[in-house]
Amino acid sequence: VSGGPIVVRDVSNERNVDTYTYNLVNVTGSDYVAFNNAFAISKLSNQNATITVKSGAVLDYRDKNEYVVYATVSDDAATETKVVNGPLTSAQFKITVKIKNENDPPTIGNQTFTIAEKKADGSDWPSGTSVGKVTTASDPDGDPLTYSVVTTGVPFKFNNGSNELVITNGSILDFETKPTWTMKAQVCDGDPNEGGFCATATVTVKLTDVNEGPEDLMLLGEYSVDENTATGKTIGSFTVFDPDAGDVLSYSLTGVLTGA
């Protein structure tokens, strides 16, 4: 990267004969040290000069957006057949380098959320229920960020492009069948087709178990028993399903007995 040029003006009979040397001047209040670390004055083939960025130098608009230094140019008095004035040095001239601000990409780190598989009463979470907010993303330029879930087939999305992750279909959340959901989240600081940048990370949602009541009670038919049947005799059976594997079920009769 270069800028300039710095144009040398000299009397016509010396311009193409003398050799010129450029030197920075350490003026109090200037950016002499910072400039010297990042830039160099490089002489061109026509003895004018340009400003070049040194190898390995890092320029960051947010840290420093302007460098001001002073320099001189000296000739070697090559046109003098005998020493009269000798090499001469110009007056100091000012060099200003302005750093242009360019868009820098955002960053986002992996993040994990935890939420119960269902509400406390065992019902499904309604659509739009908040899971949490992503706090691991930032943009070095302070640009507003837009969030989206890239992975398809997951019951989550970011609420209107904000950093808030919400549930889209609570009926799918089931600790017993899928206790962990993993998805790729994307954050962008603008439209990628218009110079914006995006970054991605993994977002994980871990479900915690909620006790769910037995369901799908299925009677196998009408039950009958002979009178005077001995206590403890089996008269029939039925099936019932409990979503929480391993739970021990207990049974009791309720209501009014009929036909007794």
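The model shown is predicted, which means the values in this text are computed figures rather than measured ones. Side chains are part of it too, since the values below use all heavy atoms of this structure and drop only hydrogens, waters and symmetry mates.
Note that CG of L207 and OG1 of T180 are 7.0 Å apart. Values are rounded to the nearest 0.5 Å. K206 contributes atom NZ, which lies 13.0 Å from atom CZ of F113 (distance to the nearest 0.5 angstrom). Rounding to the nearest 0.5 angstrom, the gap separating the CG atom in L59 from the OH atom in Y67 is 5.5 Å. Atom-to-atom distance recorded for I99:CD1 and N65:CG is 8.0 Å, nearest 0.5 angstrom. In this structure, CG in D139 is found 5.0 Å from CG in L145, a value given to the nearest 0.5 Å. In this structure, CD1 in I167 is found 9.5 Å from CG in N169, a value given to the nearest 0.5 Å.
With sequence neighbours excluded, no residue forms a side chain to side chain donor-acceptor pair (under 3.5 Å) with Q92.
In this structure, the side chain of N110 engages the main chain of T202 through a donor-acceptor pair within 3.5 Å. Side chain of W181 to backbone of P155: no donor-acceptor contact under 3.5 angstrom is found. Remark: the backbone N or O of T112 is not paired with any side-chain donor or acceptor of T204 at under 3.5 angstrom. The main-chain N or O of V33 is found under 3.5 Å from a side-chain atom of N37 such that the two form a donor-acceptor pair. The closest donor-acceptor contact from the side chain of T19 to the backbone of D76 lies at 3.5 Å or more, if one exists at all. D141 places no side-chain N or O within donor-acceptor distance of the main-chain N or O of D143, the cut-off being under 3.5 Å. Listed for the E66 side chain is no donor-acceptor partner under 3.5 Å among the backbone atoms of K98. For Q111 (side chain) and T135 (main-chain N/O), a donor-acceptor pair under 3.5 Å exists by modelled atom type.
A heavy-atom distance below 4.5 Å is not found between the side chains of I95 and Y70. The shortest distance between side-chain heavy atoms of T52 and F39 does not fall below 4.5 Å.
For the residue pair S162 / N159, no side-chain donor-acceptor distance below 3.5 Å is found, with atom types taken as modelled. Side chain to side chain, N103 and D189 meet the donor-acceptor criterion of an N or O pair below 3.5 Å. Residues T89 and T72 bring no donor and acceptor atom of their side chains to less than 3.5 Å of each other.
The hydrophobic clustering, which links ILVMFWY residues whose side-chain heavy atoms are closer than 4.5 Å, places L173 and F175 together.
Using a 4.0 Å cut-off between charged side-chain N and carboxylate O, D31 and K64 make a salt bridge. Taking a cutoff of 4.0 Å between a charged side-chain nitrogen and a carboxylate oxygen, K133 and E164 do not qualify as a salt bridge.
Smallest separation of non-hydrogen atoms from V27 and S30: O-OG, 2.6 Å. Closest non-hydrogen pair, A49 versus I41, comes out as CB-CG2, 3.8 Å. Contact record, A40 with K54: CB-CE, 4.1 Å, taken as the closest heavy-atom pair.
No more than 12 heavy-atom neighbours from other residues, nucleotides or ligands sit within 6.0 angstrom of NZ on K100.
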Given side-chain hydrogen bond (donor to acceptor under 3.5 Å, both in side chains), test T50 with S42 step by step and report yes or no.
CA-CA 5 Å; T50 187; S42 301; over 6 Å; no
